[in-house]
Structures are given as C-alpha cells and as structure tokens.
2 protein chains.
Amino acid sequence: MQPDRLSLTLSAIADPTRRAILMRLMDGEASVKELAAPFEMSIPAICKHLKVLEGAGLISRGRNAQLRPCRLEAQPLRDAVGWIEEFSRFWDTSLNRLDGLLERLQSADPMAKKN
Amino acid sequence: MQPDRLSLTLSAIADPTRRAILMRLMDGEASVKELAAPFEMSIPAICKHLKVLEGAGLISRGRNAQLRPCRLEAQPLRDAVGWIEEFSRFWDTSLNRLDGLLERLQSADPMAKKN
DNA sequence: GCTGTATCTAACCAATCAGTTAGCTAACCG
DNA sequence: CGGTTAGCTAACTGATTGGTTAGATACAGC
C-alpha cells in the first residue's frame with residue numbers, strides 16, 4: 001500500500017534525528033555536511049534521512065557549486081498540524097471535558113496536567 | 001536506542017490503520033472485535049496495533065467480562081500537537097520572511113548565506 | 001463441568017528501516 | 001591536468017514492522 005501523504009509526513013517527523021535536522025534548518029539553509037556535523041553517524045546515513053524528508057515534502061534542495069543546500073518547506077507539516085489539531089480539539093471538547101482539561105490547552109501549557 | 005515519548009506518539013499515529021482506530025474511538029469505548037470489524041486484517045493484527053497505541057499512551061484498556069474495551073487518552077497527542085504547533089508557528093511567522101531574505105542573499109552572494 | 005466467545009501469545013515470514021563501507025560523480029582549485 | 005571536497009549510489013547487515021496461523025487463556029451461560 002503506497003502510504004498517504006499524512007502518514008508520510010508523520011513518519012518522517014517520528015524520527016528524532018530527522019526532527020533535529022528540521023530544527024537545525026529553522027536557522028536557515030544548510031549543506032549536508034553542516035547538517036551531519038552534530039551527529040555521530042555517517043554522511044550517507046544523513047543523506048538517507050534527507051531523502052525521507054524530501055520525499056515527505058518537508059525540505060527542498062538547491063544547488064550551489066558542489067553543495068546541495070537544504071531548506072524547510074512548510075506545507076506538509078501544516079497539513080499534519082491540521083489533522084492532529086482537529087483530533088485533539090475533539091478530544092478536549094467532548095471526551096475529557098470531565099476532568100477540565102480544556103482551559104489548560106487554551107492557555108498554552110500542554111505539559112501541565114496529568115490524567 | 002529506546003525512543004523518546006514524542007517519537008513514540010508520532011510513529012504510532014503515522015499508521016493509517018491506527019489513526020482510523022483512534023478516530024473510531026472518538027465515538028466512545030469499543031471492544032477489540034468492534035475495532036477490528038472495519039478492517040480486513042485478522043484480530044491479532046489489530047491487537048498489535050492496539051499494543052502500539054497503548055505503548056504510546058494513546059489508549060488505555062479496561063476490563064469488562066471477557067471484553068477489554070479501549071478508550072482514548074489525550075495527553076501524549078497533546079504533547080505532539082504542542083511540538084508540531086510550535087514548529088509550524090515558527091514557520092508561519094518567521095520562516096516565510098526569512099525565505100525571501102535568503103533568496104536575495106543567495107543570488108547576491110552565493111556562499112555567504114548561512115545565518 | 002462443557003461450550004462458545006473474546007482476546008492474547010508464540011512462532012514465523014516478508015518487507016522495510018537505519019545504519020555501515022566502498023566506490024562513484026561533479027565541482028572547485030592549484 | 002591532478003588533488004580535494006561535497007554528495008550520492010550500491011551493496012550489505014541487523015533490527016523492526018506488519019502481517020499471518022495456531023494455540024493458549026479467561027470468562028459467561030448452560
């Protein structure tokens with residue numbers, strides 16, 4: 001079964017290495033070597049992660065001499081946020097109303113409560 | 001490497017079958033058999049998916065005679081939403097501005113653009 | 001206790017994943 | 001030109017995933 005776009009996005013960001021790469025890219029474009037530097041794994045391993053991110057549309061790649069700089073692409077993650085948000089909004093309104101979680105969500109401290 | 005909680009949550013919801021199960025559970029508790037009904041796969045396969053969801057803390061299980069009803073748990077997903085939202089919020093506010101800036105820098109001075 | 005229903009475990013299998021090393025291509029620089 | 005650097009592909013490996021079937025377990029009702 002070829003996976004749908006949402007599954008692709010979510011499994012791409014399910015990996016901590018790939019999330020770290022994305023966060024690094026929030027600081028701006030970076031080359032493969034720069035992206036690989038903080039990790040202990042080999043360059044080809046990073047290449048594979050980049051390929052996954054690119055396949056999910058989360059990054060795009062340029063060309064600059066022998067560099068292939070990576071940059072963030074926002075849309076797929078925005079879609080994922082849409083799905084999850086809708087999901088959790090439903091939860092907070094109908095399911096967990098009993099233990100009063102709603103306000104806490106609205107006031108932006110997602111770690112504050114335990115069930 | 002034992003995966004962190006966020007990775008656990010995200011990879012749990014990266015599977016379309018598991019997302020469908022979660023959405024079904026928005027209608028209320030359900031037994032394993034009920035959850036398995038819409039799918040073409042075997043009951044043990046569903047059990048495994050449920051185990052993944054339970055391991056990620058996304059569902060919890062009760063006991064009612066020979067039934068082990070499943071119900072949603074909100075917290076882990078809320079954490080995930082928090083992470084992704086923060087991420088995409090950054091994108092929506094600063095990345096788009098940064099975009100144009102980077103492009104301009106790149107075309108003006110091809111090696112000087114890392115933050 | 002016996003039977004049927006619901007669920008889980010065990011063992012297995014094929015496919016995918018995440019990493020490696022080795023070797024290749026392409027671009028820059030002397 | 002030759003050497004260096006950046007990045008990629010290929011081939012391999014071990015671990016994980018997602019499914020199967022067969023059999024075990026727990027409980028309800030008769």
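Here the straight-line distance linking atom CG of A/L50 with atom CD1 of A/I43 works out to 9.5 Å at 0.5 Å rounding. Considering CG of B/L35 and CD1 of B/I59, their distance stands at 7.5 Å, rounded to 0.5 Å. Annotation: the span from A/L10 atom CG to A/D4 atom CG amounts to 8.5 Å, rounded to 0.5 Å.
Distance, A/D15 CG to C/dC17 C1': 10 Å, rounded to whole Å. If you take CG of A/L8 and P of C/dT16, they are 14 Å apart, rounded to a whole angstrom. One interatomic measurement links the two molecules: CG of B/L50 to C1' of C/dT9, which rounds to 15 Å at whole-angstrom precision. Note: CD1 (B/I43) to P (C/dT9) measures 14 Å, nearest angstrom. The CD1-P distance, from A/I21 to D/dG7, rounds to 13 Å in whole Å. Distance NZ (B/K48) to P (C/dA10): 11 Å, rounded to an integer number of Å. As a whole-Å value, the separation of B/R18 CZ from D/dG18 C1' is 9 Å. Straight-line distance from the CD atom of B/E40 to the P atom of D/dT20: 10 Å, rounded to whole Å.
You'll find that the side chain of A/L67 is closest to D/dG7, out of D/dG19, C/dT7, D/dG7. With distances taken from any side-chain atom of A/V32 to the nucleotides D/dC8, C/dC8, C/dT20, the minimum falls on D/dC8. Nearest to the side-chain atoms of A/P44 among the listed nucleotides C/dA22, C/dT9, D/dG7 stands C/dA22. Considering only side-chain atoms of B/R61, the nucleotide from D/dT20, C/dT7, C/dT21 that sits closest is C/dT7. Considering only side-chain atoms of A/H49, the nucleotide from C/dC28, C/dA6, C/dG19 that sits closest is C/dG19. The side chain of B/R63 sits closest to D/dC27 out of D/dC27, C/dA26, C/dT7.
Put simply, the residue from B/R24, B/M23, B/E29 that forms a side-chain contact (heavy atoms from CB on, under 4.5 Å) with B/D27 is B/R24.
Contact between the side-chain N/O atoms of A/K33 and the OP1/OP2 oxygens of D/dA6 is found at a separation under 4.0 Å.
In the hydrophobic clustering of ILVMFWY residues, with side-chain heavy atoms under 4.5 Å counting as a link, B/L72 and B/L53 come out together.
Residue A/A45 is the one, among A/Q66 and A/A45, whose nearest nucleotide of DNA chain C lies closer to the 5' end (criterion: closest heavy atom).
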